[in-house]
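Read through the structure below, which is laid out as structure tokens, and then see the notes.
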Number of protein chains: 2
Amino acid sequence: MGSRPSLAQVAALSGVSVKTASRALSGEGYVAVETKARVQSAADELGYRLNRTARELRRGGNTSTLVGLLSGDLANPFYSRLASGLERELRMHGLQLITASTDENPEWEGRLTDSLLERRVRGLVVASTMAEHGHLAAERRHGSPFVFVDRPPVNLTADAVLLDNRGGAKRAAEHLLERGHRRIGIVGDLSRLSTHQDRVEGFAEAMEAAGIADWREYLLEDAHDVDKAERAVLALLARDPAPTAVFTTNNRITTGALRALRQGGGGRDTALIGFDELDLGDVLGVTVIAHDPEEMGRHAARLLLSRLDGDEGPARRVVLPTRLVERSTTAPR
Amino acid sequence: MGSRPSLAQVAALSGVSVKTASRALSGEGYVAVETKARVQSAADELGYRLNRTARELRRGGNTSTLVGLLSGDLANPFYSRLASGLERELRMHGLQLITASTDENPEWEGRLTDSLLERRVRGLVVASTMAEHGHLAAERRHGSPFVFVDRPPVNLTADAVLLDNRGGAKRAAEHLLERGHRRIGIVGDLSRLSTHQDRVEGFAEAMEAAGIADWREYLLEDAHDVDKAERAVLALLARDPAPTAVFTTNNRITTGALRALRQGGGGRDTALIGFDELDLGDVLGVTVIAHDPEEMGRHAARLLLSRLDGDEGPARRVVLPTRLVERSTTAPR
DNA sequence: ATGAAAGCGCTAACAC
DNA sequence: GTGTTAGCGCTTTCAT
């Protein structure tokens with residue numbers, strides 16, 4: 001329970017000055033071998049451990065080896081895989097990840113952002129749920145790089161790693177249209193999210209190109225969790241006429257849809273395509289628009305690292321591709 | 001890109017002393033309303049932000065509001081859900097989570113532990129992959145509480161939150177035995193992990209109670225990833241005589257087994273039960289031994305918080321229950 | 001090869 | 001209500 005020994009105590013015990021102890025332990029050189037050994041054993045005896053925050057305060061004053069990640073919720077595999085890819089890449093460069101979940105609450109995101117900046121994180125990766133990011137412009141001038149992931153910054157110029165949401169959703173709709181479907185339901189997440197809007201747009205583009213003007217009749221939004229999604233899909237199936245196919249715009253909604261469809265009834269024949277790969281998508285035979293969340297994390301890390309390395313070039317925007325993985329839920333019957 | 005303004009600069013700009021500026025901004029009171037406003041606007045103008053590490057250095061000297069989590073890999077839903085539950089609970093008490101993945105590499109775990117302790121985390125939650133933890137005894141004396149999750153500490157007395165691995169695995173075996181199975185395959189993770197060993201033991205207990213002495217014939221271990229698990233299950237199915245049922249001892253292995261069984265052949269008739277719930281377990285109809293990783297995270301947080309609160313009582317060990325969720329992969333045929 | 005003094009950004013303690 | 005001084009644990013600078 002006692003407080004930790006400081007360098008001064010190690011120095012006292014080994015009979016040298018604080019600076020010599022510092023030199024000995026940080027391997028800075030210019031210390032006699034014998035002195036170094038004495039300091040080392042004093043440190044071991046006391047259980048000394050460097051105070052990295054004190055070192056950082058003295059050194060740069062202003063930065064640590066911490067990188068912050070703000071995202072919705074780690075329990076969502078999309079975010080946790082993103083975090084995993086990010087962390088792996090950062091670690092290779094001596095940086096450590098500090099995570100904070102916003103639960104898609106803009107107010108919390110603001111507070112958590114402040115808190116991470118106060119901790120002097122070296123940079124920030126954020127899957128933002130805020131409508132607007134102008135307030136961060138001042139921060140950028142003080143040298144904290146931001147990398148936006150999944151959703152682009154608004155009113156702010158910053159690096160971003162995004163998905164080809166529009167193209168992926170368009171491909172999904174086209175795939176269903178090619179299979180002969182005309183009444184296609186679409187169930188989406190929170191309508192305020194840009195990812196949602198882009199996916200709906202891509203879907204709309206394909207539908208309208210196919211001459212289907214009333215696709216909105218089968219659009220249901222704001223299904224943010226699995227239960228809501230399940231209910232939304234059930235509601236869609238209960239329509240008359242019912243859609244013959246459903247496009248779900250993210251992994252949780254697809255999960256809800258699978259639960260709804262499993263309940264049999266007319267549902268069994270309904271075709272399904274989902275945005276995001278699923279853990280057991282292949283076993284279940286779910287057709288999806290797949291992409292790689294880990295890769296998004298790695299890209300974000302690389303952008304951040306290049307900024308930390310002094311890259312002052314214009315903001316970059318990486319758009320990662322999606323691909324159609326055709327499985328049995330859209331097989332011809 | 002410039003460095004951040006310090007309190008001294010804010011003080012200078014508003015024409016007060018550093019301490020007054022400190023008081024004004026930290027809301028400590030005893031500041032004239034007018035002064036406070038002047039300081040505040042100077043801070044805004046400069047884009048001032050508190051340096052929390054400096055504050056912490058001055059305050060307690062030795063601790064921050066950070067809690068470290070060491071676990072295998074966030075991409076594994078077990079760990080990410082654990083992290084999610086932990087973070088939520090910590091956040092309610094003003095603490096923030098800093099995560100580090102060990103990839104089940106003991107050496108890295110050691111380095112990452114050091115690194116987190118140097119950062120003066122307030123406490124450490126660890127799903128350890130090390131064989132032994134005696135080296136941490138000295139740390140405990142310096143007041144950094146450790147909470148072990150999923151796997152117990154060895155040669156160290158510390159709080160732990162564990163699963164009823166033995167009971168869950170025994171229940172799994174019993175369930176298969178009740179269904180009339182006698183040749184039951186069991187595929188496990190890294191054999192050095194205590195969770196693995198406990199699960200095998202529970203399984204063995206049920207098998208031997210049923211008079212099946214040669215169950216080891218169908219034991220395959222060290223299937224640490226999905227691919228290895230898939231191959232292990234295929235190998236099991238190719239035996240003559242083949243097992244009529246398989247018990248997979250964690251979520252990744254179950255995933256691999258599902259892939260193997262899907263490939264048809266004799267596999268289609270093989271019964272399956274897995275340890276850990278799966279995201280789409282209900283849709284797939286996989287019988288599992290389920291438990292709640294988020295709950296494990298919350299428990300760990302509560303244990304840690306009570307230690308931070310001054311609880312000096314003996315080490316506690318929480319064992320969370322598992323439950324059998326019966327679905328179609330073990331349905332009678 | 002070693003040490004003394006100063007200071008990173010902040011706050012506790014004690015003035016005034 | 002406000003300022004001064006000292007110091008958290010460490011490293012930089014400059015001596016010796």
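By convention in this document, chain letters (A, B, ...) are assigned in the order of the sequence lines, proteins followed by strands, and residues within each chain are numbered from 1.
Atom P of nucleotide D/dC8 and atom CG of B/L7 are separated by 20 Å, given to the nearest angstrom. For A/H142 and C/dG9, the NE2 to C1' distance is 15 Å, given to the nearest whole Å. Residue A/K19 contributes atom NZ, which lies 14 Å from atom C1' of D/dA15 at whole-angstrom precision. For the pair B/E28 CD and D/dG3 P, the interatomic distance rounds to 14 Å; values are reported in whole Å. One atom, CZ of B/R4, and another, P of C/dC10, lie 11 Å apart when rounded to the nearest Å. At whole-Å resolution of the value, CZ in B/R23 and P in C/dA15 are 15 Å apart. The distance from atom CG of B/L25 to atom P of C/dC10 is 9 Å, rounded to the nearest whole Å. Per the geometry, CD belonging to B/E56 stands 13 Å off P belonging to C/dA12, to the nearest Å.
OP1 or OP2 of D/dC10 has not a single side-chain nitrogen or oxygen of A/S22 nearer than 4.0 Å. Taking side-chain N and O atoms only, B/S17 has a distance below 4.0 Å to OP1 or OP2 of D/dG3. Within the 4.0 Å cut-off from OP1 or OP2 of C/dG7, not a single side-chain nitrogen or oxygen of A/R58 is found. At the phosphate of D/dC10, OP1 or OP2 sits under 4.0 Å from a side-chain N or O atom of A/Y48. Contact annotation: A/R59 side-chain N/O to D/dT12 OP1/OP2 distance is under 4.0 Å.
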request  = Any chance you could lay out the ring-ring contact (aromatic ring centres under 6.0 Å, His included) test for B/H133 and B/F148, step after step, and finish with the verdict?
outcome  = CA-CA 11 Å; B/H133 307 95; B/F148 284 73; 4.8 Å; yes

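Within the 4.0 angstrom heavy-atom criterion, no nucleotide atom of any strand lies near B/R52. Across all strands, B/S26 comes closer than 4.0 Å to no nucleic acid atom at all (heavy-atom distances).
You'll find the side chain of B/R151 reaches within 4.5 Å of the side chain of B/T129, heavy atoms only.
Comparing D/dT11, C/dG9, C/dT2 by their nearest atom to the side chain of B/N51 picks out C/dG9. Side-chain atoms of A/L57 lie closest to C/dC8 of the nucleotides D/dT2, D/dT11, C/dC8. Each of C/dC10, C/dT2, C/dG3 was ranked by its minimum atom distance to the side chain of B/A54; first place goes to C/dC10.
Side-chain contact, A/S84 with B/D73: a donor N or O sits under 3.5 Å from an acceptor N or O. Side chain to side chain, A/D44 and A/Q40 meet the donor-acceptor criterion of an N or O pair below 3.5 Å.
A/S101 pairs in a side chain to side chain donor-acceptor pair (under 3.5 Å) with only one of the listed residues (B/R88, B/R91, B/E87), which is B/E87.
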